[in-house]
Structure formats: C-alpha cells, structure tokens
Amino acid sequence: MKLANAIRNLIQLLFGYTLTVFLKRVRYFFYLRFTKIIFQAKLPISIFYDDYIDKEKLLLNINSGRANKIIDKISSLKLNSDDSNEIEKILNNKFNIFNYCFIGNRNASRKDPISGHEWPQNMWYRDARKNLKDRTDIKRPWEYSRMYHLLPVALKFLETNDEKLVNYIYQEVKVWDELNKLGTAPNWSCTMEVAIRLANISISYLLISSAKSLEDKHNFFIKIINNHIGFTYNNLENISRIKSNHYCSNISGLFCSLIGFPLTSSGREVLDFAKNELENEIRSQTLADGWNFELSSAYHRLVQEFFFYPFLLSSKQTFSNDYESILKSMNDVLNNITKPNYQLAQLGDNDSGRFLVFNDFKNLGSLYIESQLNLFNSFLGFKSDSNFFEHKKANVYGYKDDRTFFLIKGGTKGQLGLGGHSHNDTFNFELQINGKDIIFDPGTGCYTPLPEIRNYFRSIKNHNTVFWDSEEEADLEKGLFILRQENKVSIEAKIESNVLHFSGTNKYLDKEHKRAIRFDPKQRQLIISDNVSHYGAKIRLISDLPISDLSNKGFLIDSVRFELDDMADVKLEKGYTSPKYGTILDANFLSIKIPNKEFNIFINLN
C-alpha cells in the first residue's frame, strides 16, 4: 500500500496528473499511434468502433410506423417552430455564424472565411493547428460543423411534413460527410465539436426518420452517427488536470444521441457510461450555490444545456433526485444573471457556444436567451423569493426586478484557480435600467487568432473596476487559457433592510484595492466607494450609451446621473466591446483617476 501511494505521489509530482489520468493518457497515446498508422494506410479508423445502433430493429420500427421516443418527447413539449421566413433563410444557407454569413458555400466546413485558410483534404485530425494562415480561427468551421441549423428544419418538418425540409437535412449532412472524412482536420480535431454534431445529426434524423424520401437513406445516417459515437467514445476529453465543459459535451452528446435508438449491447454500454458520467460531472463541476465551477456566465449556460437535455430526453426515473436538484440550482443561477430584457450578463469568457437549438435560430450566438430560458423554466420550474440574489461560492451578488438589474462579482478564478475562462475582473459590476445597459461587461472578442485581442478583453483595465496602468491581478502571458488565482480576495456581503451591502479587498503585486457597494433599490441609489493603496489608480466604466454633461464632478450616461464626491480627472476614451464571439464594436470607456486614494461615486437610478 505504501509503495502504491508512493508511485501515485511521484506521478502526480512529475506529471501533474493523478495515477488514473496518467494511465488514461498512456492508453490514449498508444491509441493515437495505432490509429494514425491505420489512417495513413488509407484504411478506415472506424475498425476500432463497435456497432452501437441496432439497425434491424430501428428499420423495423420505422417501416412499421412506430413513433420513436424522441418524436414523442419533442412533440409533447409543443415547441414553436421558427416561422417560414427564418426556415427559408436556413434552406438557402443565409445565416450568421459569429460575425459572418454563410451563403451556400460548399467549403464552409473546411475553410476560415476570414483568413481564407483551407485545411488539406486528408490532414490527420491531430495536425489541425499546424501551418495555419495568420489570424485563422479554427472555431469558424467548427461552429458551422456543429450542425445547429438542422434541428429548426427538422422541427418544422414535424409541423408540416414537407419533404423539401428532409432533403435539405440529408444534403447538408451528405456534403459535410463527403468533405470531412472520418479522422481528418479540422472537424474531427476536437471531441467536443464531434459530440455536439453527433447530437444535432442524431436528433434531427430521428425527427425526420418517418419521411418517405429517406427510405433508401437510413443506412447513410446510421453509418455517420455510428462513426461519431465511436470517435467520441474513443477520444474522450477526460485526460487533463481537470475535466471541464468539453468532457460534459462528450458525455451529453453520447447520451442524447443514443437515448433515441434501439441499441446493441455495445450501445447500451456506452449509454450507461454516459449516464453515470453525467451524474458524476454535475456533482463535481457544480458549486454548492449552483454555479458551474468555470465561473463564466456563458459557459454556465452551455454546461447547463449539456446537463439539461439528457434529463429532458429521458424518462423521469433515469437520473437521480440529486441530479435534478443540482440542475434546478444551475437554472436558478441562470435566471438570476439574466437581465429583465432576457440578455445574459457576461462574466468571464463567452464563445457564444450552444448545444441544441430547436428554435429561435436567428438569435444563435447572441446574449438573448428568452426562448431557451422559458424552456428550462417550464421543465425545471423557477421561483424566486427575493429580488436580491447571493451566490457565495462564486462570489456573485445582485438585484433584479422588472426594470432594474445590478450585479457585482468577486475575484475568484474558475476551474479551481486555473482560470481558463476567467478574466481579470475582480469587483467588476453591471447595471441595467429600463432595458438599457448603463454599465456592462465588454465580453471576450476571440480566442486564438489574435492573442492581443484575447488579452485586451481579459485585462483588468477593460472591466468596470479599479486598475493601475500596466499592472494585472493575474499574469496574462502564461497562456491564452490560463489565468491563475494570483490575487488574494476577501469579501463580505449581506442583504439588510432590503439593501445590498458588499465590501471586498483585492490584493495583487504590491497593490490593494478595497471596494464597498451600497445598493438600495427602494431609494433608487447605488453608492460605490473605492479605497486604494497607491496613487495612480483609475476607475473604468464601460457603456455604449450617450455620455453627456461630462465634468470633473460627474456626468450623465443616457439619463442616469453619476456624481463624484471629489474633483477628479475624468476622460472619455475609445474602447471596444464584444456582444458575441468574433464581433467587436466601439464603446465608450470612461477613465476616472482617483485623486486621494479614496473615492465615492453616487448613482441615481431613476
């Protein structure tokens, strides 16, 4: 026993992994070696996969006219399909992905339309990031290849029985399959992308499987779905120091695809594995207050999808009461951080990612989540006993009513302090009044194509908090997906007599910033008090609304008055915001130089 523990500790010390993860990495190393040999010999790597779908039983069910459980479930939800004009745009491939529009481009799945980079046809999937043109973003072809656009069309078919819709889905998948041979770059290079595509193709196919025009095409769909299941199961993203949203996508994609089919013994084995792992991950990746442990609002929403849809598509007895309870706590968080106009507040990274999009396709990628939130709430229920909310594990506090939204966050970095999707944004706040964002978080911009943009949106100086020029609370140069918990933060918060009192201290390098908040919705007043250890500190405020009456004593943002308790150097600067991934817009950045280490801002909320 002592020897075994010594070996485990040595592996952890040398490689940074537990013994279990280390052995998984060794196994995967050899799997990739063997798979690449097969691939280079121009043999199908699917020889490593089992048959997961009971094809004979599936075809028997289809030919006998038996409705499958996915059709029954989706029909019972009575989802409104998108109107005919929106569906027609999809049929003509006129829809937005990030900040550009696909218009019938056959190479959309293999080409970055911005940089012009096109991946070689037979490139091994692990080489997808080699020899990229400058400013290439692999997420662009990935996002199209998730096949979000199939489900709204399939849902419309349930309503209309229009065979034209079935032919569109078949042609989209067929062309994609012709261009993206199993195991090639870029669209097999990330298992998360494969798993999301798997779920979208599988559910869309099941929804249209009764169509007459598919009579000779079932084998095609079964083969491509089986390949996606086998690939996902053999390339699970559970071999890093932490398991994250990527692994959740893997197991959710497997579950949501398999649950609708009659299965072989291998298929049942994978389904049981996915179900058990979903139970494990919702416990390990959700904090006690309901927040996803990565502490990004957009990734919280995405991971909630990964846990919600397996729950939605299965029978009530499939998942434990604990699973349902945690899922409901996640939904409570999502409701709290969604503004009265149904815009999701941005905290940390936002790559605009989704899982399954049945309708409201025009808002794909946006922060507007009304349709999705209504589905969550109708199935999970949501009732708040207070307009105030407190999430003490995530250090997120705020208030929400029909016309006012306020939120302030602490300084905890997500992913257990690794901060892969966190920003330097301690004590950043948002304020919305009457549907207008008075103060808001600037967003994310992009990830890998432009590191300078990535770090611009992660920087403390580009959030609604206090900063010193050229100093960061956590080092931005350690990696585009690393932002460690280098700062030390302490927080006290309470709600007393219907007033939110927040006070926190942020220490980093040799600097210290204390921020106190008093938010009184009844008196319609917000007071922000900042105390700093060194001269030269500035307060940043970000808005895209008109700023007027600017002086060293205050200003107006739209019609909201900001009054300063001391004469200060106030400058209006040009800055940038990103309402969704890949989109960057101009915004107003106010810079207020703190004159005497202590400073108060009084905000009239009327």
Side-chain angles (χ1 to χ4, degrees), residues 345 347 388-390 395-400 404-411 424-433 436-442 460-468 473 489-496 498-506 511-534 536-543 545 547 549-572 588-606:
L347 300 177
F388 292 97
F389 54 87
E390 299 177 275
N395 293 146
V396 175
Y397 304 86
Y399 176 89
K400 174 182 175 181
T404 306
F405 177 87
F406 172 75
L407 178 150
I408 184 164
K409 70 176 296 296
N424 284 341
D425 58 359
T426 300
F427 307 151
N428 180 52
F429 74 97
E430 292 210 23
L431 176 65
Q432 184 185 92
I433 299 176
K436 294 182 178 181
D437 285 321
I438 307 302
I439 301 293
F440 63 91
D441 185 281
I460 193 170
K461 69 181 180 181
N462 296 318
H463 289 87
N464 299 299
T465 187
V466 166
F467 67 97
W468 284 268
E473 66 182 27
V489 182
S490 60
I491 289 172
E492 292 183 7
K494 62 181 179 180
I495 298 163
E496 193 172 73
N498 286 319
V499 176
L500 170 63
H501 299 272
F502 173 99
S503 62
T505 301
N506 185 25
K511 302 296 192 295
E512 180 177 287
H513 166 219
K514 294 181 179 180
R515 171 162 280 186
I517 296 286
R518 186 180 188 278
F519 182 86
D520 186 342
K522 186 175 181 180
Q523 296 298 320
R524 306 295 296 163
Q525 187 179 63
L526 168 62
I527 302 174
I528 302 173
S529 301
D530 289 307
N531 184 299
V532 296
S533 60
H534 291 68
K538 299 175 183 177
I539 301 171
R540 172 74 73 217
L541 297 175
I542 301 170
S543 182
L545 295 173
I547 297 176
D549 289 350
L550 186 66
S551 73
N552 56 13
K553 288 292 292 179
F555 46 86
L556 281 171
I557 298 181
D558 196 54
S559 60
V560 177
R561 170 66 64 181
F562 288 67
E563 295 181 358
L564 313 181
D565 75 338
D566 198 355
M567 304 266 298
D569 182 11
V570 183
K571 293 182 179 179
L572 180 59
N588 294 319
F589 276 43
L590 280 165
S591 173
I592 304 171
K593 190 170 183 178
I594 298 176
N596 294 307
K597 294 187 179 181
E598 295 184 10
F599 198 72
N600 297 310
I601 301 177
F602 303 91
I603 305 172
N604 186 339
L605 304 179
N606 291 317

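The residues of the chain are indexed from 1 along the displayed sequence. Please read all numbers here as calculations on a predicted model, not as lab measurements. Note that these values count all heavy atoms, side chains included, but never hydrogens, waters or copies made by symmetry.
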[atom1]/[X] to [atom2]/[Y] distance, rounded to the nearest 0.5 angstrom?
X: K461; Y: F467; atom1: NZ; atom2: CZ; answer: 7.5 Å
X: I547; Y: I438; atom1: CD1; atom2: CD1; answer: 10.0 Å
X: F440; Y: L545; atom1: CZ; atom2: CG; answer: 7.5 Å
X: L431; Y: L526; atom1: CG; atom2: CG; answer: 6.5 Å
X: F602; Y: D565; atom1: CZ; atom2: CG; answer: 5.5 Å
X: T505; Y: H513; atom1: OG1; atom2: NE2; answer: 9.0 Å

Which atom of [X] lies closest to which atom of [Y], heavy atoms considered:
X: F502; Y: G504; answer: CE2-N, 4.1 Å
X: E390; Y: A493; answer: OE2-O, 4.1 Å
X: K571; Y: D569; answer: CE-OD2, 3.6 Å
X: I491; Y: G411; answer: CD1-N, 4.3 Å
X: K597; Y: I594; answer: N-CG2, 3.7 Å
X: S551; Y: V570; answer: O-CG2, 3.6 Å

Determine whether [X] and [Y] make a side-chain contact, defined as any pair of heavy atoms from C-beta on separated by less than 4.5 Å.
X: R561; Y: L556; result: yes
X: L564; Y: I601; result: yes
X: F562; Y: I592; result: no
X: V532; Y: W468; result: yes
X: K409; Y: T465; result: no
X: F405; Y: D437; result: no
X: I517; Y: F429; result: no
X: R524; Y: T404; result: yes

(request) Quick one: do F427 and D425 satisfy side-chain contact (heavy atoms from CB on, under 4.5 Å)? Show the steps, please. (result) CA-CA 6 Å; F427 307 151; D425 58 359; over 6 Å; no

(message) How about NZ on K511, more than 12 heavy atoms from neighbouring residues, nucleotides or ligands closer than 6.0 Å, or not?
(response)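 Enclosed.
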
(request) Go through the side-chain N and O atoms of T426 and R515 and say whether any donor and acceptor fall under 3.5 Å apart. (result) no

Sidechain-backbone polar pair: [X] side chain, [Y] backbone, donor-acceptor under 3.5 Å:
X: R540; Y: N462; answer: no
X: D558; Y: V560; answer: no
X: N506; Y: V489; answer: no
X: N596; Y: E598; answer: no
X: N464; Y: I542; answer: yes

(request) Run the ring-centre check on F406 versus Y399 and record whether the distance is less than 6.0 Å. (result) no

